[in-house]
J.: 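Below you will find the structure I want to go over with you.
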Amino acid sequence: MDGTLNVFSHAFLLVWGLLTALPLLWAVLSAFKSDNEILSDPWGLPGSLRWDNFSRAWTHGHIGQYFLNTGIVLIGSLTLTMLLGATAAYALARYQFWGNRIVYFAFVGGMMFPVVLAFVPLFFVVRDAGMLNTLPGLMLVYTAYSLPFTVFFLTAFFRTLPTAVSEAALIDGCGPFRLFFRVMLPMAKPGLISVGIFNFLAHWNQYLLPVVLLKDENKYVLAQGLAALAVSEGYRGDYSRLFAGLTLAMLPVLVVYAVFQRQIQAGLTAGQMK
């Protein structure tokens with residue numbers, strides 16, 4: 001019986017892997033083809049590697065500008081999210097104070113609130129703050145959008161850390177801030193990396209919030225820019241440049257996951273192992 005279940009589970013995972021990998025591989029191969037090859041032989045291999053498709057996507061397709069805007073937003077939003085989220089999670093996990101559970105469940109409740117319901121009031125709040133159609137305004141919205149999950153994840157992780165280490169540091173004269181930044185944060189590195197990567201992927205793929213808050217094409221982030229590129233290249237028939245832009249957008253995500261795969265798994269299992 002166990003052998004049969006293993007066969008079915010491996011077969012299911014194999015099919016799932018093929019369904020995930022084949023469209024990505026097809027998009028990458030199409031990025032090296034000419035428009036005629038894409039239309040006449042969509043499943044065939046490219047006759048030659050046309051690297052100029054990527055240069056045209058980077059410059060004429062404005063992928064370079066979209067990358068720059070996305071990088072600026074991600075650096076600011078991830079820094080704020082991780083700093084504020086880790087600080088709040090540590091306080092909720094390690095200190096007992098009046099209203100502790102109320103604050104914690106307020107963050108948990110934020111995870112269940114659909115962001116689409118807040119688009120209209122969010123638009124007016126950002127506009128009244130003078131940050132509509134600005135990258136800093138999008139950074140702050142991304143941070144607020146990601147804090148509930150970050151606090152929920154890191155609170156559970158900080159609770160698994162041994163109290164003996166923090167008590168020993170306090171006895172040795174370590175203050176609360178030094179204890180947090182010099183002792184507890186390094187111990188929570190697997191959890192920080194895991195939630196940081198989850199937030200990176202969420203911010204990288206975010207589309208609806210930029211559509212609501214950014215109207216200037218020069219400030220488009222990557223997901224928003226790719227949607228505009230798909231529309232424009234669809235009318236022009238320059239499909240090779242479109243696939244090249246899609247491939248460039250996929251590469252950072254694939255690289256991040258390949259590099260930090262072990263850290264993601266360690267962060268997800270660390271709480272169970274301790």
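Just so you know, these numbers come straight off a predicted model, no measurement behind them.
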J.: Does Pro190 reach the side chain of Phe157, with side-chain heavy atoms less than 4.5 Å apart?
T.: yes

J.: With Leu122, which of Leu117, Leu209, Val116 fulfils side chain to side chain contact (heavy atoms under 4.5 Å, CB included)?
T.: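 The residue from Leu117, Leu209, Val116 that satisfies side chain to side chain contact (heavy atoms under 4.5 Å, CB included) with Leu122 turns out to be Leu209.
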
J.: Between the main-chain N or O of Asn218 and the side-chain N or O of Asn69, is there a donor-acceptor pair closer than 3.5 Å?
T.: yes

J.: Under 3.5 Å, side chain of Thr143 to main-chain N/O of Leu80, donor-acceptor pair present?
T.: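 Side chain of Thr143 to backbone of Leu80, a donor-acceptor pair under 3.5 Å: no, none is there.
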
J.: For the side chain of Glu217 and the backbone of Gly225, is there at least one donor-acceptor N/O pair under 3.5 Å apart?
T.: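 Side chain of Glu217 to backbone of Gly225, a donor-acceptor pair under 3.5 Å: no, none is there.
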
J.: Please list every donor-acceptor pair under 3.5 Å in which a side-chain atom of residues 101-115 meets a protein atom from a residue at least two apart or in another chain.
T.:
none

J.: Please assess Arg94 against Met184 for the test side chain to side chain contact (heavy atoms under 4.5 Å, CB included), listing each intermediate value before the final yes or no.
T.: CA-CA 10 Å; Arg94 312 294 289 195; Met184 304 306 293; 3.9 Å; yes

J.: Which word best sums up how the rings of Phe180 and Tyr90 line up, parallel for under 30°, tilted for 30 to 60°, or perpendicular for over 60°?
T.: tilted

J.: Please work out which of the three classes, parallel, tilted or perpendicular, describes the rings of Tyr142 and His203, given edges at 30° and 60°.
T.: tilted

J.: Please report the C-alpha distance between Thr247 and Phe54 in whole Å, then the side-chain angles of each, then the deciding distance to 0.1 Å, and finally whether the side chain to side chain contact (heavy atoms under 4.5 Å, CB included) criterion is met.
T.: CA-CA 9 Å; Thr247 302; Phe54 294 91; 4.0 Å; yes

J.: Is the number of heavy atoms from other residues, nucleotides or ligands within 6.0 Å of CZ (Phe200) greater than 12?
T.: yes

J.: Counting only N and O atoms by type, is there a donor-acceptor contact under 3.5 Å from the side chain of Gln65 to the main-chain atoms of His62?
T.: no

J.: Check residues 125-141 and write down every donor-acceptor pair under 3.5 Å in which the side-chain atom is one partner and the other belongs to a residue at least two apart or another chain.
T.:
| from | atom 1 | to | atom 2 | distance (Å) |
| --- | --- | --- | --- | --- |
| Asn133 | OD1 | Lys215 | N | 2.8 |
| Asn133 | OD1 | Asp216 | N | 3.0 |
| Thr134 | OG1 | Met131 | O | 2.5 |
| Thr134 | OG1 | Gly137 | N | 3.2 |

J.: Please verify the inter-ring angle class for Phe149 with Phe153; under 30° counts as parallel, over 60° as perpendicular, anything in between as tilted.
T.: tilted

J.: Examine distances only and state if a side-chain atom of Asp41 and a backbone atom of Glu37 form a donor-acceptor pair shorter than 3.5 Å.
T.: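 Flag not set: sc Asp41 to bb Glu37 has no pair under 3.5 Å.
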
J.: Is the backbone N or O of Arg241 less than 3.5 Å from a side-chain atom of Asn53, with the two atoms forming a donor-acceptor pair by type?
T.: no

J.: Check whether Asn199 reaches the backbone of Val195 with its side chain - one donor and one acceptor, N or O, closer than 3.5 Å.
T.: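 Judged by distance alone, yes, a pair lies under 3.5 Å.
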
J.: Given 3.5 Å as the limit, does a donor-acceptor pair link the side chain of Gln224 with the main chain of Leu226, or not?
T.: no

J.: Can you check whether Pro42's main-chain N or O pairs, donor with acceptor, with Lys33's side chain at less than 3.5 Å?
T.: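 Present.
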
J.: Gln206 vs Leu208, test: side chain to side chain contact (heavy atoms under 4.5 Å, CB included). Steps then yes/no.
T.: CA-CA 6 Å; Gln206 182 57 244; Leu208 293 177; 3.9 Å; yes

